[in-house]
Amino acid sequence: MAKANETVLGFVDLEQAVGCLHQSQITTGDDIPHKVGGRPIWLHRSHPLDLASVTCSKCQAAMPLLVQLYTPDNEVPEAFFRIVYLFACKNGTCKSFKCFRSQLPEQNEYWSESSRSSSKALECHICGLKGSKVCTGCKAVHYCCKEHQAIGWKTGKHNVTCGTDYQATIGDSEWEDIRKVVEFKEWEIVTEVEPTEKEAGARGAKDLESQMKGAGIMETEEEAEEAEDEIRDAPDTTVDVDNAFLMFQNRIDREPEQVLRWIRHKEDDDDMEDVSAENDDEDEVEQQVLWVSDVDKPDFDKDIGSCSFCGKPRKFEFQVMPTLLNHLSIDHASDKALDFGTVVVYTCPDHCQPVDAKGAPQVYMEEVAFHQNFSSMGLNDRIRNVLLGGSSLAE
């Protein structure tokens, strides 16, 4: 667990065990993962989110899970278990994102050792959202919408299995085809505390030295000094992009494979400024949003605002980095491919727990996900190339 106000980085686990993210494998709070894509793992097991909550306001399609972050807070009794869910429309032209948090106290019917609920949620057979519709044939398989029922019927071969002992079963190859349509590729996210600039520099120098030794290439002290002189005297050919992007690139160079940045706050922290502001205190800079551009930043009152339930100004909690796009199995050549510079999530700083009209705790609280595109200075393709693993901006 990160200490308050540490910056924690998330990385895609490329060596994850097959099936480790399946709901059936997650039986305790310690098992709940941070993850990308796939089906959401519902904290309230018998209360999946409904379709209306994650319907794209532009194309009216169901938005799949992009990221879920498990963020328990044992200092807030109501948030001993806590997950933040971020959904995104697969149609990149929509630029639609929605964010919800869900939480539970330590003693609850789903995750407490003394009381594990056996009630089974009526989930959509295709995506895992609330299954408010049922197959009229077998009355045993549920769906969230007609579109997913059609996918299950045709691609999932329910037209063959309906009414048989295999009516709730979909073959592996069929599942692969379905997931390509309704989900983002699923990965577990592993985390580590962000290194300081000094730590990253020392590690980079050590890695470079190891690589050079392995290749049988070692510079003498005189050769190293000559190389430094050449770099210092070389003309400045860096492309003219805005300061925020240059700072963004410099910061992520510490860990280029990061796909997520997560901040834990102290109760008395002042609202965070963005990282493009002039600030010589590295400890303060560590806690700020990394914007990819000086343009299209949010207006706090208009775009972020205060918690809809307790009225406290929302705070930056985590941001998704554009490097994640490399792992989603999307067609980057398509004009409808998901694309963003960064997606920044702001949530209630107190993890407040509202109740409904009957006095029962509300299951899902909508928060704010603000997306920023790349700079509009005519350098979009080249900037994306740098962030997605291409060459440097300097030529």
Side-chain angles (χ1 to χ4, degrees), residues 5 7 53-59 63 66-67 69 71 84-89 91-101 241-249 251-252 260-279 281 284-322 324-325 338-352 354 364-380 383-384 387:
N5 274 27
T7 300
S53 298
V54 293
T55 296
C56 176
S57 61
K58 297 180 180 177
C59 71
M63 298 197 296
L66 180 62
V67 169
L69 195 62
T71 60
V84 179
Y85 303 94
L86 176 63
F87 297 83
C89 184
N91 185 339
T93 62
C94 293
K95 302 290 185 183
S96 293
F97 300 87
K98 287 191 176 182
C99 179
F100 297 85
R101 63 181 166 93
V241 296
D242 61 37
N243 291 331
F245 174 74
L246 293 176
M247 189 170 289
F248 182 98
Q249 183 185 5
R251 184 63 172 272
I252 66 173
L260 182 143
R261 300 176 64 83
W262 169 34
I263 305 296
R264 293 298 301 271
H265 295 295
K266 293 178 180 177
E267 283 188 16
D268 58 352
D269 282 346
D270 293 325
D271 289 338
M272 299 299 169
E273 299 295 332
D274 65 77
V275 78
S276 61
E278 292 186 4
N279 195 327
D281 188 337
E284 291 185 26
V285 173
E286 293 288 335
Q287 312 306 325
Q288 300 164 357
V289 179
L290 287 180
W291 298 108
V292 299
S293 173
D294 282 324
V295 299
D296 295 329
K297 290 181 182 178
D299 176 292
F300 188 88
D301 292 334
K302 176 184 175 183
D303 300 314
I304 310 303
S306 299
C307 175
S308 305
F309 308 101
C310 70
K312 291 284 187 69
R314 290 188 177 95
K315 281 190 175 182
F316 164 52
E317 182 163 357
F318 70 90
Q319 69 182 112
V320 180
M321 311 300 279
L324 180 62
L325 296 169
L338 178 65
D339 189 22
F340 54 79
T342 187
V343 182
V344 186
V345 170
Y346 295 83
T347 59
C348 174
D350 291 349
H351 311 330
C352 73
Y364 297 100
M365 287 69 74
E366 186 166 7
E367 297 289 6
V368 170
F370 182 89
H371 78 275
Q372 186 188 43
N373 298 318
F374 290 101
S375 172
S376 58
M377 299 173 66
L379 295 169
N380 293 19
I383 288 175
R384 289 183 73 257
L387 295 177

Item checked: Exam field: side chain K98 to backbone C89, donor-acceptor pair closer than 3.5 Å -> no
Next item on the list: Check whether more than 12 heavy atoms from other residues, nucleotides or ligands sit under 6.0 Å from atom NZ of K312, and answer yes or no.
Entry: no
Notebook entry, point to check: So which heavy atom on N373 is nearest to which on K95, and how close?
Noted result: OD1-NZ, 3.4 Å
Check: Nearest 0.5 Å, what's the OH-CG distance between Y85 and L66?
Finding: 14.5 Å
Checklist line | Residues forming a side-chain contact (heavy atoms from CB on, under 4.5 Å) with T93, sequence neighbours excluded | finding: N91, K336
Margin query: Has T342 got a side-chain atom pairing as donor or acceptor with V320's backbone, closer than 3.5 angstrom?
Written below: yes
Check: Rounded to the nearest 0.5 Å, how far apart are CE of M247 and CD1 of I252?
Finding: 13.5 Å
Next item on the list: Find out whether C99 and V84 are in side-chain contact, i.e. whether some heavy atom of one side chain is under 4.5 Å from a heavy atom of the other.
Entry: yes
Checklist line | S53 OG to Y364 OH distance, which is reported to the nearest 0.5 Å | finding: 9.0 Å
Checklist line | Side chains of V54 and F100 in contact at under 4.5 Å (non-hydrogen atoms) | finding: yes
Check: So, does K315 use its side chain to make a donor-acceptor pair with the main chain of P349 at under 3.5 Å?
Finding: no
Note to self: According to salt bridge (charged side-chain N to carboxylate O under 4.0 Å, His left out), does anything in residues 365-374 pair up with another residue at least two apart or in another chain? List the pairs.
What the structure shows: R101-E367, R314-E367
Next item on the list: Could you tell me which non-hydrogen atom of C307 sits nearest to which non-hydrogen atom of C310, and how far apart they are?
Entry: SG-N, 3.5 Å
Margin query: Nearest 0.5 Å, please: how far is CE in M365 from SG in C352?
Written below: 6.5 Å
Item checked: Inter-residue atom distance W262.CH2 - T7.OG1, 0.5 Å rounding -> 11.5 Å
Next item on the list: For residues L260 and L324, determine if any side-chain heavy atom of one lies less than 4.5 Å from a side-chain heavy atom of the other.
Entry: no
Notebook entry, point to check: Backbone N or O of V289 within a donor-acceptor pair of the Q319 side chain at under 3.5 Å?
Noted result: no
Notebook entry, point to check: Should V345 and L69 count as side-chain neighbours, where that means a heavy-atom distance under 4.5 Å?
Noted result: no
Item checked: Validation row, ring centre H371 to ring centre F97 under 6.0 Å -> yes
Notebook entry, point to check: Which value, rounded to the nearest 0.5 Å, describes the distance between L290 atom CG and R251 atom CZ?
Noted result: 5.5 Å
Next item on the list: Quick one: closest heavy-atom pair of E317 and T347, and the distance?
Entry: OE1-OG1, 2.5 Å
Margin query: Check whether D294 reaches the backbone of N243 with its side chain - one donor and one acceptor, N or O, closer than 3.5 Å.
Written below: yes
Notebook entry, point to check: Under 30°, 30 to 60°, or over 60°: which ring-plane class applies to W291 and F370, parallel, tilted or perpendicular?
Noted result: perpendicular
